[in-house]
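Please read all numbers here as calculations on a predicted model, not as lab measurements. Every heavy atom of this structure was used, including side-chain atoms; hydrogens, water molecules and symmetry mates were not. Below, read A as the first sequence line, B as the second, and so on, with proteins coming before strands; counting in each chain starts at 1.
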Protein chains: 2
Amino acid sequence: MQLDKMVAFHKAVGDPTRLRIIALLRQGPLHGQAIAGKLGLRPPTITHHLKKLKDTGMIYSRRDKNTIYFYLDEKKLTFMAEAVTRIGDEKVKTDKEWQVTEKEERQILQNFITVDGKLKQMPSQLKKRVIILAYYVKAFQPGKTYEEKEVNEYIQTFFEDYATVRREWIMHHFMYRENNRYELNPQEMWPVVV
Amino acid sequence: MQLDKMVAFHKAVGDPTRLRIIALLRQGPLHGQAIAGKLGLRPPTITHHLKKLKDTGMIYSRRDKNTIYFYLDEKKLTFMAEAVTRIGDEKVKTDKEWQVTEKEERQILQNFITVDGKLKQMPSQLKKRVIILAYYVKAFQPGKTYEEKEVNEYIQTFFEDYATVRREWIMHHFMYRENNRYELNPQEMWPVVV
DNA sequence: TATCTAATTAGTTATATATCTAATTAGATA
DNA sequence: TATCTAATTAGATATATAACTAATTAGATA
């Protein structure tokens with residue numbers, strides 16, 4: 001996550017009214033007037049705050065007739081909130097070391113994957129590892145959740161040490177776990193290689 | 001964590017200069033002039049920013065001769081950064097439901113703990129559970145780290161299901177885990193009952 | 001005590017922003 | 001099309017704040 005996005009996120013969250021909006025939406029979606037009512041503020045004020053929150057991507061909206069409902073995306077919120085605890089680690093990814101061409105990527109996949117699709121070994125170099133992880137994780141369906149057993153079984157179709165692969169998917173934010181079920185993260189949370 | 005502390009935290013972090021300071025201090029402590037030098041800013045500007053960061057508690061300082069070194073407290077940073085993802089949950093704790101007198105606490109401990117110190121069962125009511133968890137966690141030494149095995153063994157001196165207790169200690173921020181070792185959190189991160 | 005170094009405080013300026021009222025827009029429905 | 005509702009935009013005001021220079025303070029040491 002780059003610096004100015006992080007600044008925007010924390011500026012957005014660093015306001016009592018907006019924190020109260022987040023707290024409300026954690027309970028479920030609401031429309032603007034309802035938020036204004038609950039907070040004792042005028043609708044334009046709510047529009048103003050929702051815009052800032054929407055700009056970060058943590059809130060989206062759906063229209064139903066004349067009413068627009070606002071939803072909190074808790075996964076994104078969590079991801080962005082935790083980003084500051086990893087600040088500086090990302091620097092690597094903006095280095096030219098991390099620029100990967102299509103050709104290079106093909107080459108890396110070819111080097112580490114057998115013709116019948118099995119992973120020969122987990123690359124020790126971070127960049128290569130991320131490319132491998134991204135390649136295999138695409139088998140999961142966005143929005144669908146999986147049991148740990150399913151995840152393990154899938155990994156074992158291409159690599160013996162399923163625990164490592166599963167752990168790395170979580171660590172690099174390809175997937176996340178909630179209530180012992182696994183789900184793909186939106187691509188924008190993935191490392192920026194592929 | 002209460003609202004205004006959260007606002008102050010995110011306001012503090014929501015500034016590019018201060019994020020860069022956090023990134024620097026994650027590598028290790030630095031003194032003011034060094035930070036000013038690395039960021040291309042004047043010392044008073046650094047004082048200004050460090051004050052805001054110190055006010056949140058995420059930074060502390062130690063003097064060595066004429067030079068003051070600034071340190072980042074990563075545990076606190078993590079705790080505060082993640083607080084927004086739990087916003088609203090805390091409300092319970094300010095309800096009168098959550099006011100616990102000394103007498104009540106003694107009563108609860110007596111109800112759930114046998115005369116020889118064993119936990120009869122884990123209370124299902126959150127308030128009571130937190131009191132029990134706080135009681136037993138005090139056996140750990142602040143600042144010391146423990147292996148998972150040690151933690152399990154200690155729990156088994158008073159309760160069979162060690163996994164549950166360990167998990168709840170983490171969940172309620174009595175302890176945290178890093179590199180598979182366990183450590184007590186500062187009391188201010190504990191639930192506010194006891 | 002005088003002097004040195006690093007940090008802080010005071011005061012200034014330019015910019016950003018939270019909130020309001022009034023006016024306007026976007027869609028739905030009679 | 002006329003009208004209704006919810007949301008947004010425009011414009012105003014008050015407050016907050018990031019950066020600077022100049023002056024001061026806090027501790028160390030000659």
Phosphate OP1/OP2 of [N] contacted by [X] side-chain N/O (<4.0 Å):
| X | N | result |
| --- | --- | --- |
| Thr67(B) | dA6(C) | no |
| Arg18(A) | dA18(C) | yes |
| Lys65(B) | dA6(C) | no |
| Gln33(A) | dA7(D) | yes |
| Lys51(A) | dA7(D) | no |
| Arg42(A) | dA7(D) | no |
| Thr17(B) | dA19(D) | yes |

Item checked: Ring centroid separation Tyr182(A) to Phe140(A) under 6.0 Å ->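 No, ring centres 6.0 Å or more apart.
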Next item on the list: Name the residue closer to the 5' end of DNA chain D, choosing between Thr47(A) and Asp15(B) according to the nucleotide with the nearest heavy atom.
Entry: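 On the 5' side of the pair lies Thr47(A).
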Whole angstrom is fine here: how far is it from [atom1] in [X] over to [atom2] in [N]?
| X | N | atom1 | atom2 | value |
| --- | --- | --- | --- | --- |
| Lys11(B) | dA16(D) | NZ | C1' | 8 Å |
| Asp64(B) | dA6(C) | CG | P | 12 Å |
| Arg62(A) | dG27(C) | CZ | C1' | 18 Å |
| His48(A) | dT13(D) | NE2 | P | 18 Å |
| Tyr69(B) | dG27(D) | OH | P | 17 Å |
| His10(A) | dA18(D) | NE2 | P | 15 Å |
| His31(A) | dA28(C) | NE2 | C1' | 16 Å |
| Ile46(B) | dA6(C) | CD1 | C1' | 13 Å |

Notebook entry, point to check: Taking the six-membered ring of Phe79(A) as reference, does the NZ or CZ atom of Arg86(A) fall below 6.0 Å from its centre and within a 45° cone about the axis?
Noted result: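 Yes, a cation-pi geometry holds between Arg86(A) and Phe79(A).
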Next item on the list: For the pair Arg166(A) and Glu148(A), find out whether any cationic side-chain nitrogen is under 4.0 Å from an anionic carboxylate oxygen.
Entry: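 So Arg166(A) pairs with Glu148(A) through a salt bridge.
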Notebook entry, point to check: When you check the gap from the basic side-chain N to the acidic O, do Glu178(B) and Lys75(B) get nearer than 4.0 Å?
Noted result: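 Salt bridge flag = no for Lys75(B) with Glu178(B).
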Notebook entry, point to check: When the nearest nucleotide of DNA chain C is assigned to Asn66(A) and to Lys52(A) on a heavy-atom basis, which residue is associated with the more 5' position?
Noted result: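 This one resolves to Lys52(A).
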Checklist line | Arg18(B) (side chain) donor-acceptor with Lys11(B) (main chain) under 3.5 angstrom | finding: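 Yes.
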Margin query: Nearest to the Thr45(B) side chain among dT8(D), dC20(D), dA18(C), which nucleotide is it?
Written below: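 Output: dC20(D).
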Next item on the list: Check the angle between the aromatic planes of His10(B) and Phe9(A) and answer parallel, tilted or perpendicular using the 30° and 60° thresholds.
Entry: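 His10(B) vs Phe9(A) ring planes: perpendicular.
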Notebook entry, point to check: Taking atom NZ of Lys5(B) as the centre, does the number of heavy atoms from other residues, nucleotides or ligands within less than 6.0 Å exceed 12?
Noted result: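 No, the 6.0 Å shell around NZ holds no more than 12 heavy atoms from other groups.
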Next item on the list: Select base, sugar-phosphate, or nothing to describe what Leu41(B) touches, counting heavy atoms under 4.0 Å on all strands.
Entry: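 Contact class for Leu41(B): sugar-phosphate only.
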Margin query: Restricting to non-hydrogen atoms, name the atom on Val7(A) and the atom on Asp15(B) that form the minimum distance, rounded to 0.1 Å.
Written below: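 Looks like CG2-C, 4.0 Å.
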Margin query: Can you list every stem that DNA chain D is part of, counting only runs of 3 or more consecutive Watson-Crick or G-U wobble pairs with both distances under 3.5 Å?
Written below: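 If one scans DNA chain D for consecutive Watson-Crick or G-U pairs, the stems found are C:1-30 with D:1-30.
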